[in-house]
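Below you'll find the structure, written out as structure tokens, and then a few comments.
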Amino acid sequence: MRTATKKIIQRRIYAMTAITGAILFFGYDLIEDAFIEHEYLTAHFIIELIVFVGVSIALVISARDLIHLRDLLDIEKKRNQALSGALADSINAQLEEWHMTHSEYEISWLIIKGYSFSEIALLRGVKENTARFQATSIYSKAGVKGRAEFVAEVFQPLLLSIPDDLSELDQ
């Protein structure tokens with residue numbers, strides 16, 4: 001779950017906690033008014049009863065909305081995982097078509113993810129020049145001249161299904 005979404009859920013839980021505190025306060029006060037002070041039908045009692053019912057309804061609605069939000073987030077998380085898997089499968093298929101070695105395959109993914117050559121070298125335990133040389137071999141197999149063209153070539157087949165006229169996406 002993204003951090004922003006976690007914060008929204010956390011704020012809603014805090015709000016529900018505050019509402020629960022108000023319910024407990026008004027519930028206690030109503031019991032005290034009814035059984036200790038014997039104030040059943042006074043304006044004070046009726047107003048507190050109305051507020052108690054309103055706040056209780058607000059808590060139930062908030063709880064229901066929070067459960068619904070969590071369900072939607074779970075659905076979205078599963079959808080994103082499926083799409084990520086499909087994207088990775090498509091990229092892997094493209095890399096296989098170019099007959100990448102295991103090392104080239106690993107470096108290709110690091111390039112696609114946006115790592116610099118110094119970061120790739122550090123992650124792989126090689127010199128930066130080695131990472132650059134391997135990237136040159138990758139670019140050659142992909143039939144491109146550099147990093148930007150390589151990434152574009154990887155994503156080009158995936159983008160073919162997107163209509164040229166973006167207004168079609170709104171329909």
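Note that this is a predicted model, so its numbers are computed, not measured. Index from 1, following the sequence. Below, all heavy atoms of this structure are taken into account, side chains as well, without hydrogens, waters or symmetry copies.
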Drop me the distance from [X]'s [atom1] to [Y]'s [atom2], to the nearest 0.5 angstrom.
| X | Y | atom1 | atom2 | result |
| --- | --- | --- | --- | --- |
| M16 | I9 | CE | CD1 | 11.5 Å |
| K78 | L83 | NZ | CG | 14.5 Å |
| K127 | L122 | NZ | CG | 14.5 Å |
| I75 | N80 | CD1 | CG | 12.0 Å |
| E76 | D74 | CD | CG | 11.0 Å |
| I91 | L87 | CD1 | CG | 4.0 Å |

Shared hydrophobic cluster for [X] and [Y] (ILVMFWY, side-chain gaps under 4.5 Å):
| X | Y | answer |
| --- | --- | --- |
| L59 | L69 | yes |
| V55 | I13 | yes |
| I120 | V126 | no |
| L123 | I107 | yes |

Residues 108-117 side chain polar contacts: donor-acceptor under 3.5 Å, at least two apart:
{"unit_1": "S108", "atom_1": "OG", "unit_2": "E104", "atom_2": "O", "d": "2.7"}
{"unit_1": "W109", "atom_1": "NE1", "unit_2": "N92", "atom_2": "OD1", "d": "2.9"}
{"unit_1": "W109", "atom_1": "NE1", "unit_2": "Y105", "atom_2": "OH", "d": "3.4"}
{"unit_1": "S116", "atom_1": "OG", "unit_2": "S118", "atom_2": "OG", "d": "3.0"}
{"unit_1": "S116", "atom_1": "OG", "unit_2": "E119", "atom_2": "N", "d": "3.2"}
{"unit_1": "S116", "atom_1": "OG", "unit_2": "E119", "atom_2": "OE1", "d": "3.3"}

Would you say the side-chain atoms of [X] pair up with the backbone N or O of [Y], donor to acceptor, closer than 3.5 Å?
| X | Y | answer |
| --- | --- | --- |
| S62 | A58 | yes |
| S140 | T136 | no |
| S56 | F52 | yes |

Heavy atoms, side chains only, cut-off 4.5 Å: are [X] and [Y] in contact?
| X | Y | result |
| --- | --- | --- |
| H38 | Y40 | yes |
| S103 | R124 | yes |
| R12 | D65 | yes |

>> Once salt bridge (Lys or Arg N to Asp or Glu O under 4.0 Å) is applied, what residue pairs with a partner in residues 129-140 remain, sequence neighbours excluded?
In response: E128-R132
Identify every side-chain donor-acceptor pair in residues 21-37 under 3.5 Å, counting partners at least two apart or on other chains, and give the distances.
{"unit_1": "Y28", "atom_1": "OH", "unit_2": "E32", "atom_2": "OE1", "d": "3.4"}
{"unit_1": "D33", "atom_1": "OD2", "unit_2": "H44", "atom_2": "NE2", "d": "3.2"}

> Does F133 CZ have over 12 foreign heavy atoms under 6.0 Å away?
Replying inline: no
> Who pairs with R64 by side-chain contact (heavy atoms from CB on, under 4.5 Å), at least two apart in sequence or on another chain?
Replying inline: I61
> Can you name the salt bridge (charged side-chain N to carboxylate O under 4.0 Å, His left out) partners of R147, sequence neighbours left out?
Replying inline: none
> Got a sec, which pairs hit ring-ring contact (aromatic ring centres under 6.0 Å, His included) with one end in residues 57-99, sequence neighbours left out?
Replying inline: W98-F150
